[in-house]
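A short write-up of the structure that comes next.
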Amino acid sequence: MNDFNHSFSRRRFVQYGLAAGAGMLLNAVKAQTVSGGHSSAAPLYRPITARGYAAFDNSGKLAPWIFERRAVGDNDILIDVKYASICHSDIHQMKGDWGQQQYPQVPGHEIAGIVAAVGKNVTKFKVGDRAGVGCMVDSCMRCESCLAGLEQHCDNNATVFTYGYPDPASPSGITQGGYSTNIVVRDHFAVHIPDSIKLEEAAPLLCAGITTYSPLMKAGIKSGDKVGVAGIGGLGHLAVKLAAAKGAEVYAFTTSPEKVRDIRRFGVKEVIVVDNLDKLKPYKGRLDYMIATVPVQFDVAAYAATVKPYGSFTLVGMPDAFNITLSNIALSQSRVNFNASLIGGIPETQEVVNYCAANNIRPTIQMISAAQINDAWENVVNKKARYRYVIDAATF
């Protein structure tokens, strides 16, 4: 805890220093217009009003909130949010499952919309571009990891995640997420959304897509490989579709028998309903690789044993307190390489969006209004989502 507090305090110090420097620069200039000859709807140096849905406590219930975004800086873009999808991470964090939170807090890190304004240094985007934002909105941009396109692993602990992270430039003191009408973000941390994919279908790719695509690519999945996917929800159904698109034989492991018909349509070789762990035994040592998206405690070693000796098992689900309990002796007997994965960097996020757009890989979504968010959250927790809820931002 002491090491964490030291790192956290250092991060806050750096961020406050950057904010102070930005404030001095803003005071030195007059109102700016958007680069490229377009005018923003309001002077860029003014805070921007947003409407959204926020958590006000750890009850897991959201309510409408009007708040302010930071002004658009020289390296920022303003995105008018059109769609934001619901991730189980939103629920975990708002409930405090991953630690004490500051409220009010707007969740949402699967965000798709249209660029409405750009700072004077921005060349990556122009007004009118289709853009998306995922799980992070800033980093140091100078360390080895950041320069390698692994901003989520910033060596200086300066990764700023999309909601709930200290941000002295934010009027609320923390980053606020995508369940809202707009978002201001450093241009580097937004990706282009091709015209060939609908914005509402692109949104889930910005967390669920990259979180499963990145480890699948690192595992070198190829045609004919036997790939297991454990947990067929928002992340898992995309893992199935991505692995199948790479030519893998996909084995889907689910505890929800009512999902079997859907899962078969996603391109799997076989669906296994794991109503007890004995159902895993026939698959012992058969798979080349498994990815598990389960966001709660489960018998990791039992699932890992379905992988061949010296194959790999990747866990991307994030349970309460980020902790998982596993049997080390069972894992040692299966001789499977256990690892975890955290989203992906910005270049790889752009890659998965482009790949899905070009190869007709689409998440299976359910459109909802803002007033339906609380019910949708309950459905996610109770495994009733089919398979990613997407909020129409026009209803905030």
Within a strict 4.5 Å, meaning less than it, do heavy atoms of the H188 and I346 side chains meet?
yes

Trace of the side-chain contact (heavy atoms from CB on, under 4.5 Å) decision for I343 with F161:
CA-CA 11 Å; I343 54 175; F161 292 97; 4.3 Å; yes

I'd like to check H109 versus S89 (side-chain heavy atoms, cut-off strictly below 4.5 Å). Are they in contact?
yes

Are the charged groups of D262 and K259 less than 4.0 angstrom apart, N to O?
no

Between CG of D155 and SG of C140, what distance do you get to the nearest 0.5 Å?
7.0 Å

Do any N or O atoms from the side chain of N359 and from the backbone of I361 form a donor-acceptor pair under 3.5 angstrom?
no

E249 and V227, any side-chain heavy atoms less than 4.5 Å apart:
no

Expected output: side-chain Q102 to main-chain S172 donor-acceptor under 3.5 Å:
yes

To the nearest 0.5 Å, tell me how far D187 CG sits from F125 CZ.
7.0 Å

P204 and side chain to side chain contact (heavy atoms under 4.5 Å, CB included): which single residue from T364, L235, V390 fits?
V390

Verdict with reasoning, I86 to V380, per side-chain contact (heavy atoms from CB on, under 4.5 Å)
CA-CA 9 Å; I86 293 174; V380 171; 4.2 Å; yes

If you define the side chain from C-beta out and look only at heavy atoms, does anything of F396 sit under 4.5 Å from I391?
yes

Would you say the side-chain atoms of T181 pair up with the backbone N or O of A50, donor to acceptor, closer than 3.5 Å?
no

Close side-chain approach of L216 to K246, heavy-atom, < 4.5 Å:
no

Residue among N75, D138, D76 satisfying side-chain hydrogen bond (donor to acceptor under 3.5 Å, both in side chains) with R186
D138

Indicate, with yes or no, if the rings of W65 and Y53 have centres closer together than 6.0 Å.
no

Walk me through whether S256 and K384 qualify under side-chain contact (heavy atoms from CB on, under 4.5 Å).
CA-CA 9 Å; S256 303; K384 293 181 180 179; over 6 Å; no

side-chain contact (heavy atoms from CB on, under 4.5 Å) for D288 and I221? Distances and angles first, verdict last.
CA-CA 9 Å; D288 296 295; I221 298 305; over 6 Å; no

Classify the ring geometry of H237 against F266: parallel below 30°, tilted from 30° to 60°, perpendicular beyond 60°.
tilted

Taking E378 for the side chain and D375 for the main chain, is one N or O donor matched with an acceptor at less than 3.5 Å?
no

If we ignore hydrogens and angles and just use 3.5 Å, is the side chain of R388 paired with the main-chain N or O of A203 as donor and acceptor?
no

Polar side-chain atom of Q105 near backbone of M94 as donor-acceptor pair, under 3.5 Å:
no

Any idea how F313 and F298 line up, ring-wise: parallel (<30°), tilted (30 to 60°), or perpendicular (>60°)?
tilted

For a 4.5 angstrom cut-off between non-hydrogen side-chain atoms, does C356 reach V352?
yes

Output yes when a side-chain donor or acceptor of T314 lies under 3.5 Å from a complementary backbone atom of I291, and no otherwise.
no

Looking only at atom types and distance, does a side-chain atom of D97 sit under 3.5 Å from a main-chain N or O of Q93, one as donor and one as acceptor?
no

State plainly whether the residues E348 and K218 are in salt-bridge range, i.e. N to O under 4.0 Å.
yes

Assign the ring pair H92 / H88 to parallel, tilted or perpendicular, where the plane angle (0 to 90°) is split at 30° and 60°.
parallel

